[in-house]
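Values below: every heavy atom of this structure, side chains too, minus hydrogens, waters and symmetry copies. Read the numbers this way: they start at 1 and go in the same order the structure lists the ligands and their atoms. Since the structure is predicted, the reported quantities are computational estimates derived from the model, not experimental observations.
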Amino acid sequence: MIPSILPTYSRAPLSFVKGEGAWLLESGGDRYLDLGAGIAVNALGHANPDLVAALTEQAQSLWHVSNLYNIPAQQKLADLLVDHTFADTAFFTNSGTEACELAVKMARKYFYDKGQPEKTDIITFSGAFHGRSAAGIAAAGSEKMTKGFGPLLPGFINLPFGDHEALSLAINDKTAAILIEPIQGEGGIRTVPDQCLKGLRDRCNYHGILLIFDEVQCGMGRTGKLFAHEWAGVTPDIMMVAKGIGGGFPLGAVLATENAASGMTAGTHGSTYGGNPLACAVGARVMEIMTDDAFLPEVTRKAGLLRQGLESLVAAHPGVFQEVRGAGLMLGLKCNAPNTDVVTAGYGEHLLTVPAADNVVRLLPPLTLTDEDISEALIRLDRAAAKVQAHTV
Ligand SMILES: *Cc1c(COP(=O)(O)O)cnc(C)c1O
C-alpha cells in the first residue's frame, strides 16, 4: 500500500523535534550535530533568535497580501540585494526551482524582444542540478532526473562538465544563454575554476548571449563571499538564489541586470506567494546579518579550521576518503568507500552529512557553527571513518 507521504524519498530513520544552532534534537533528547543544514538552507543555524524575532514580529502583524499591493519587507529585501550584488532588480520565488523557471523565461524573452526569437537554447553542463520542474530536469538533462518524464521541455543543450572544446562547438545562432552553478552541489561539490568563470563571461560577451549563475546552493555566504562568483571577479546577467536566503523559511529569488531583465514587463510573470511578507521579513534579516562586516571573514576563518581538519582526516583514512573539495563551508569528501556508508556511519555517531553524486559526502553546516562544533564534527567523522574502514577491509 502506498504510504500517506508519496514515497519519492528514501529517508533516514531519524526525526527531529527541535533545533539549536548547529544541533538537532530527537524527541528522546538525542542530539545530532548537523553538517547538512537542511541541504545548505539553515545558514544561520536552527532557531536563530534574530530570525525567530523577525518571523514572529511579522507573523503578529501581517502574513500575506499578494503582489497586487506593495510589500514593505519585499522592498527592503530587494534593496539589500541590489545594494550588495551585481543586480539591478530582483523577483522573489518560493524555491530554487521557481527561480530556474524565471531565469529561463527571462533569457528567452530578452532575445524575443530584441527581434531574435530564434535564440532560445540554454547551454548547461553534466552533473548540474537546477530543480525538479519540467524546465529544471530538462536543464540538468541527466537520465536519473528525466527518465519517464518526457517529452522534455526543448531548448537545453547539456555539455560535458569542463569540456571547453564542446562549448566552443555548441554556441550558435540559437544560443540564448549559458547556465552554470559556480560550484556544483548535487553533482558532487565540483568547483568551476575562477579562470573558467572568467572564460564563460568573455564568451558570453563575445557572442552577445546571457550568463546565468545558479547560486541556489553555493550562494548566500557559503563560500565566504556573499556569492561564490565574487571570488572570480566576474558577474552574471541573471542569477538564481534560494536555500540560505530564507534561513529555513521557503524563499528564492532571481537577480538580474537592468538589461537582462528588460523583457519582464507588467503581466509577463508572477507568483501568488513569491515575496510574501513572512518570507521577506526573514530574508531581509538574513541579508542584514550576512552583510555585517564581521560575518563573512568569520565564515572564512571557520572554513579554514574545518578544511585543515578534513585534510588530516583524509590522510588518516585513505581507504575511506580520497580528497577534500569545495570552498568555504561548502565542502565535499570524495570517498573511496561508498559515500552512503560514510553518511550512515555518521548517523551512528550522531552526525548529519549529505551524500552527493560522484561518490561525495557533502558538508554544508550552518555558517554560524562554533569552533567547538568543528572539533566535535572532526572527532565524530574520524570515528565514522574508522567504522567504515573496519567494514570494508
Ligand atoms: C536545491 C537546488 C535547486 C532547487 O531548489 P529548490 O528550492 O529545491 O527548488 C536549484 N539549483 C541548485 C544549485 C540547488 O542546489
Can you give the donor-acceptor pairs under 3.5 Å from side chains of residues 37-55 to other protein atoms, not counting sequence neighbours?
from	atom 1	to	atom 2	distance (Å)
His46	NE2	Asp34	OD2	2.7
Asn48	OD1	Asp50	N	2.9
Asn48	OD1	Leu51	N	3.3
Asn48	ND2	Leu44	O	2.9

N-O pairing of Glu288 and Lys76 below 4.0 Å
yes
Using the ring of each side chain (for Trp, its six-membered ring), is Phe321 parallel, tilted or perpendicular to His317, with breaks at 30° and 60°?
perpendicular
Exactly which residues line ligand 1, taking a heavy atom under 4.0 Å from it as the test?
Ser95, Gly96, Thr97, Phe129, His130, Gly131, Glu181, Asp214, Val216, Gln217, Lys243
Between the side chains of Lys387 and Asp382, is the shortest nitrogen-to-carboxylate-oxygen separation below 4.0 Å, so that they form an ion pair?
no
Side-chain ion pair, Lys334 and Asp358, N-O less than 4.0 Å:
yes
Salt-bridge test for Arg362 and Glu186: reply yes if a basic N is under 4.0 Å from a carboxylate O, no otherwise.
yes
